[in-house]
Amino acid sequence: MTVASDEHLRRLPKVELHCHIEGASRAATIAELAGANGVELPVDDPADLYKFTSLNQFLDIYGVVCASLQSADDFHRIAYECFEDAAGAGIRYCETFFSPGFVIKLGVPVSTVWEGVSAAVVDARADLDIFCRMVLDFDKPSGPGHALEMAEFAAAQDRDLLIGMGADSVERGVDHTVFADAYAAAGRAGLKRTMHAGEDGPADNIAVAVRDCGCDRIDHGFRLLDDPALTDEIVDRRIPLTVCPTSNLIIKLVPDIESHPFARQRERGVLAMLNSDDPGMMRFSLADEYVTVARAFGYSLEEMEAVSLDGIEASWAPDDEKAALRRRFEAEFDDLRSEYGLEARAA
Ligand code: HPA
Ligand code: ZN
């Protein structure tokens, strides 16, 4: 077993599949945009904005962040900064969420959001060592009509830039079966499908996502192991979970990372990989997450390299891209081991 230093883990090449551009926004950027757009923040110091201990409190502040975003340029800025910060955390490939439901309610059309976000994806691909695709998350509490509208909007965009549809916000009090039609429309348009499920809601929502809504992936899936038959199905079908342990800790789903089901999910054969969820608002990066999880579960370097490679498998990148990413990651693993004077990977 090889134990890696914190710095080594931080520098591992990574994939991220569960990060929200709004939740990734830097407090200073939100303060500046709020000022420019005449939006009053509820705090004097922008650093005080990002304080919450439940999903509902978090979503309230998410609403404040979104109210500060109005023009295509605003969305370009937060998306581009999200990719800059991700590249800094060692992320080489990402599929990143944007959630237009909040700003649509404030009168900003989804086309304005997408104009800024899609331009940021193109710019980041050109400027930064990270390759990004976007996933449009609809807002579950806004209901099935909004979901269908979002599926139709997503269907009309360039699939290489907008690869899939997801869903987020609260689970409690939401009947997840009503989204089946919207997901069917997304599937017919060739969009990949995922859903936040089993975060602060039950494993039943994960079952609805994969059985009724045709989801290819599950975001969080924190409660999956509560349902052994469903767990067998997720393992057999190799449906990935995009797990976010620190995000779950911050909203108090677990008292500490050691109690998080991530390690048990992996032992059970689930394709569970690591993500930051909302790195700006939670003041935590995926590089931090790799260190935290490795220490909490006593993972070796080999195990953390495997977690990183599982991110490639869990992604929706075409097979040739996945193969190229794998080759690149393995070469980087070898270079890092050699730089830190550690033994080479087993052949
Ligand atoms: N869960 C629900 N809604 C969200 C999340 C999340 O992880 N991140 C941003 N909006
Ligand atoms: Zn999320």
Side-chain angles (χ1 to χ4, degrees), residues 1-19 24 81-96 124-125 127-132 240-250 256-267 269-277 279-280 282-315 317 321-347:
M1 158 161 163
T2 312
V3 176
S5 66
D6 288 3
E7 187 188 65
H8 187 160
L9 293 171
R10 301 179 69 83
R11 289 178 64 196
L12 283 178
K14 303 168 189 76
V15 165
E16 182 156 67
L17 307 175
H18 186 159
C19 173
E81 288 181 356
C82 170
F83 303 138
E84 275 184 329
D85 292 343
I91 298 167
R92 309 278 187 255
Y93 177 86
C94 57
E95 290 161 7
T96 304
R125 286 183 185 179
D127 302 347
L128 306 170
D129 184 12
I130 183 168
F131 194 89
C132 328
L241 301 190
T242 66
V243 179
C244 312
T246 298
S247 163
N248 297 157
L249 174 69
I250 290 173
D256 46 47
I257 297 291
E258 287 80 355
S259 315
H260 194 280
F262 178 70
R264 281 178 282 127
Q265 289 168 342
R266 285 184 64 83
E267 278 160 29
V270 179
L271 178 52
M273 42 77 70
L274 286 176
N275 305 271
S276 65
D277 202 2
M282 301 204 171
R283 288 172 286 186
F284 207 81
S285 75
L286 188 58
D288 300 319
E289 191 84 63
Y290 266 52
V291 175
T292 301
V293 165
R295 301 304 170 229
F297 299 120
Y299 280 158
S300 64
L301 175 58
E302 288 76 14
E303 282 166 307
M304 293 310 295
E305 288 170 342
V307 168
S308 162
L309 292 177
D310 281 348
I312 300 175
E313 181 179 346
S315 81
E321 262 184 51
K322 284 188 179 183
L325 274 171
R326 233 173 254 124
R327 282 193 300 275
R328 179 182 176 184
F329 277 31
E330 288 174 348
E332 290 195 44
F333 293 162
D334 291 340
D335 288 349
L336 284 167
R337 279 171 178 256
S338 141
E339 188 180 329
Y340 289 106
L342 298 173
E343 62 186 51
R345 286 179 311 123

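The figures that follow rest on heavy atoms only: side chains count, while hydrogens, waters and symmetry mates do not. In this text, all values refer to a predicted model and were calculated from it rather than measured experimentally.
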Determine, step by step, whether Arg295 and Leu9 satisfy the side chain to side chain contact (heavy atoms under 4.5 Å, CB included) criterion, reporting the C-alpha distance in whole Å, the side-chain angles of both residues, the deciding distance to 0.1 Å, and the verdict. CA-CA 11 Å; Arg295 301 304 170 229; Leu9 293 171; 3.6 Å; yes

Quick one: pull up [atom1] in [X] and [atom2] in [Y] and give me the separation to the nearest 0.5 Å.
X      : Y      : atom1 : atom2 : value
Leu342 : Thr2   : CG    : OG1   : 6.5 Å
Phe333 : Arg326 : CZ    : CZ    : 11.0 Å
Cys244 : Met273 : SG    : CE    : 8.5 Å
Ile257 : Leu249 : CD1   : CG    : 4.5 Å
Thr292 : Glu258 : OG1   : CD    : 9.5 Å
Asp277 : His18  : CG    : NE2   : 3.5 Å

When you measure from the side chain of [X] to the backbone N and O of [Y], does any donor-acceptor pair fall under 3.5 Å?
X      : Y      : value
Ser276 : Ser285 : no
Asn275 : Val243 : yes
Glu16  : Thr96  : no
Glu289 : Thr246 : yes
Arg125 : Cys132 : yes

Check [X] against [Y] and note the closest heavy-atom contact, atom names and distance.
X      : Y      : result
Ser300 : Met1   : CB-CG, 3.5 Å
Ala287 : Lys14  : CA-CE, 4.0 Å
Val15  : Gly311 : CG1-O, 3.4 Å
Asp288 : Arg10  : OD1-NH1, 2.7 Å
Ala124 : Phe83  : CB-CD1, 3.5 Å
Gln265 : Ala272 : OE1-CB, 4.0 Å

Taking the side chain as C-beta and beyond, is there a heavy-atom pair between [X] and [Y] under 4.5 Å?
X      : Y      : value
Ser315 : Leu17  : yes
Cys19  : Cys94  : no
Phe262 : Leu274 : yes
Pro240 : Glu313 : no

Without hydrogens or angle criteria, can the side chains of Arg328 and Tyr93 be said to hold a donor-acceptor pair below 3.5 Å? no

Of all pairs that satisfy ring pair (Phe, Tyr, Trp, His ring centres under 6.0 Å), the ones with a partner from residues 289-311, not counting sequence neighbours: Phe297-Tyr299

Electrostatic pair Arg337-Glu305, nearest N-O below 4.0 angstrom: yes

Working for side chain to side chain donor-acceptor pair (under 3.5 Å), residues Ser338 and Asp335: CA-CA 5 Å; Ser338 141; Asp335 288 349; 5.9 Å; no

Can you list everything that forms a side-chain hydrogen bond (donor to acceptor under 3.5 Å, both in side chains) with Arg345? Sequence neighbours excluded, please. Asp334

Could I get the full list of side-chain hydrogen bond (donor to acceptor under 3.5 Å, both in side chains) partners for Asp310, not counting sequence neighbours? Arg266

